[in-house]
Amino acid sequence: MKNNSSANISSDANLFDDRQWIALVDVNNFYASCERVFRPELEGVPIVVLSNNDGCVIARSEEAKNLGYKIGDLFHMIKPKLRQTGTKVFSSNYALYGDMSDRVNGIYQRFTPSIEVYSIDESFLRLSGIEGVQNLETLTELGHRIRRMVRRHTGLPVCVGISTTKTLAKVANRVAKKDDQYGGVFVFEPDNKAQLQQILIEDVWGISRRLTPKLQALGIYSALDLASADPKRIRSGFNVVLERMVHELNGISCLAVDEVVPLKKSIIVSRGFGRYLSDLSLIQQAVAAHATRAGEKLRGQQLAANKLSVSLRTSPHGKDQIYYKNSFSITFTEATDETSLLIKAAEHCLKKVYREGLQYQKVGIFLGGLVGAQGVQQNIFAKNDVKKSKALMSVLDDLNRSHGRDTVRFAASGMNDEWKMRQKMISPRYTTRWSDLPVVE
């Protein structure tokens, strides 16, 4: 595969060794690509993925982008066009997408232990010090090896951008994705000014729509313009974050690959109902299910919560009733990750905000005051047996992990789907449910 950076391999091996090299690996059109893995006949077919309750477009395949579909397009407004263009429509399948993301990052760990999971479809990899990587040519080949292995083991296509800073790795990834001549891998040398000139300022990582016109007013229209700006002037006119970006675009690393994931400050599980609900018992089932999911997230990240809140609202667009929104919080005597306690607290909060006679659209659980579960100071007067509780949660999580989500669950979450989101076009959870495994005949 051709890469213009390979033509300028430095003869100074020390210069190469002294630089840190960072890769940004990004799965192309992640949601749409996940849907294709188990449906190879969809290769080349336009695909759109819808938001919760099948409301609007949140992801598109390249073919769908070329047909003019945009993020935020309302599903009910584009139905005729979808049928006319033969576009395949899927409800969002977060169980599948999350599991495929975990599998992809597991493959990255075969190449380097230094990984920062930036989002569900993007990760930064620190490549410095990897055996056999001695110059730009071998660095480019490493990028192709990553692509081939991800494709072979997951079926997902990725692009790899490599440079000496996170910001330049983002630029390199964009080049790898947009320019077919590089075969999905591009190594960006810090002195590649011509390439920076081609990147519009609004396409630089971290530059928001609000910030773009302010920079353009100063004559900064490209990544090269920003790289050439006076860092001190940028800091005084904007902030230290933008000053660091100027340095990053010049090959001076200011943002390290963060291998240690910082503790989350909060966890939110919030879903709209599949239809308007007024029945308290059905809303209680939804709250219990959300609390269960929140508990799983806590334990998966080895966290515990000091605070729980429940928010409940009607539709802001309802014509037959006033808009109602309310929330209520409770603080635990000690931080907890136990699902039964979360459910009990959530039901208590729900009863405080529920008003009879209203048609509700959405309920959510918020967990705050998160701390590491291992460092929780236990209350010596607590009645419940902490060891038995942790053992029970561990068994519950293991069973649901092995046999599929909700194989074993609390009765409070109910056995029917009356309150659940509309997901009429959801694909099977191929990788997380035994019942959804594809059958080869």
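Note that the coordinates shown come from a computational prediction; the quantities given were computed from them, not determined experimentally. Residue indices begin at 1 and follow the sequence shown.
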*So how far is it from S427 OG to D436 CG, rounded to the nearest 0.5 Å?*
8.5 Å
*Side chains of S311 and S327: do they bring a donor and an acceptor to under 3.5 Å?*
no
*Atom pair NZ/CZ of K352 and F328 - distance to nearest 0.5 Å*: 5.0 Å
*Under 6.0 Å between ring centres, would you say that holds for F90 and Y31?*
no
*Stepwise, does the side-chain hydrogen bond (donor to acceptor under 3.5 Å, both in side chains) test hold for D54 with S91?*
CA-CA 6 Å; D54 297 339; S91 302; 2.7 Å; yes
*CD/E243 to CG/D230 distance, rounded to the nearest 0.5 angstrom?*
9.0 Å
*Does R36 come within less than 4.0 Å of E63, counting only side-chain N to carboxylate O?*
yes
*Identify which one of L125, I120, D121 satisfies the side-chain contact (heavy atoms from CB on, under 4.5 Å) criterion when paired with S123.*
L125
*Can you see which heavy atom on N306 is nearest to which on E334, and at what distance?*
OD1-C, 4.3 Å
*Roughly how far apart are Y324 OH and T314 OG1, rounded to 0.5 Å?*
9.0 Å
*Could you tell me which residues satisfy ring pair (Phe, Tyr, Trp, His ring centres under 6.0 Å) with Y430, sequence neighbours excluded, listed by chain and number?*
F38
*Find the distance between CD1 (I58) and CG (D73) and round it off to the nearest 0.5 Å.*
12.5 Å
_Residues which pass salt bridge (Lys or Arg N to Asp or Glu O under 4.0 Å) with K65, listed by chain and number, not counting sequence neighbours_ = E62
_Does this structure show an ion pair linking E35 with K88, if we count only N-O contacts that are shorter than 4.0 Å?_
no
*Under 3.5 Å, is there a donor-acceptor pair linking the side chains of E137 and N135?*
no
*Once you round to the nearest 0.5 Å, how far does CD of Q20 lie from OG1 of T164?*
7.0 Å
*asked:* Ignoring hydrogens and geometry beyond distance, is a side-chain donor-acceptor pair present between T87 and T85 at under 3.5 Å?
replied: yes
*So, does D225 use its side chain to make a donor-acceptor pair with the main chain of S222 at under 3.5 Å?*
yes
_Does the structure place the NZ or CZ of K214 under 6.0 Å from the centre of the six-membered ring of F238, at an angle of no more than 45° from the ring's axis?_
no
_Just checking K70: does its NZ atom have more than 12 heavy atoms from other residues, nucleotides or ligands closer to it than 6.0 angstrom?_
no
*side-chain hydrogen bond (donor to acceptor under 3.5 Å, both in side chains) evaluation trace for T339 with R299*: CA-CA 10 Å; T339 297; R299 295 188 295 275; 3.0 Å; yes
_Evaluate E338 against K344 for salt bridge (Lys or Arg N to Asp or Glu O under 4.0 Å), listing each step before the verdict._
CA-CA 10 Å; E338 186 179 340; K344 189 178 297 184; over 6 Å; no
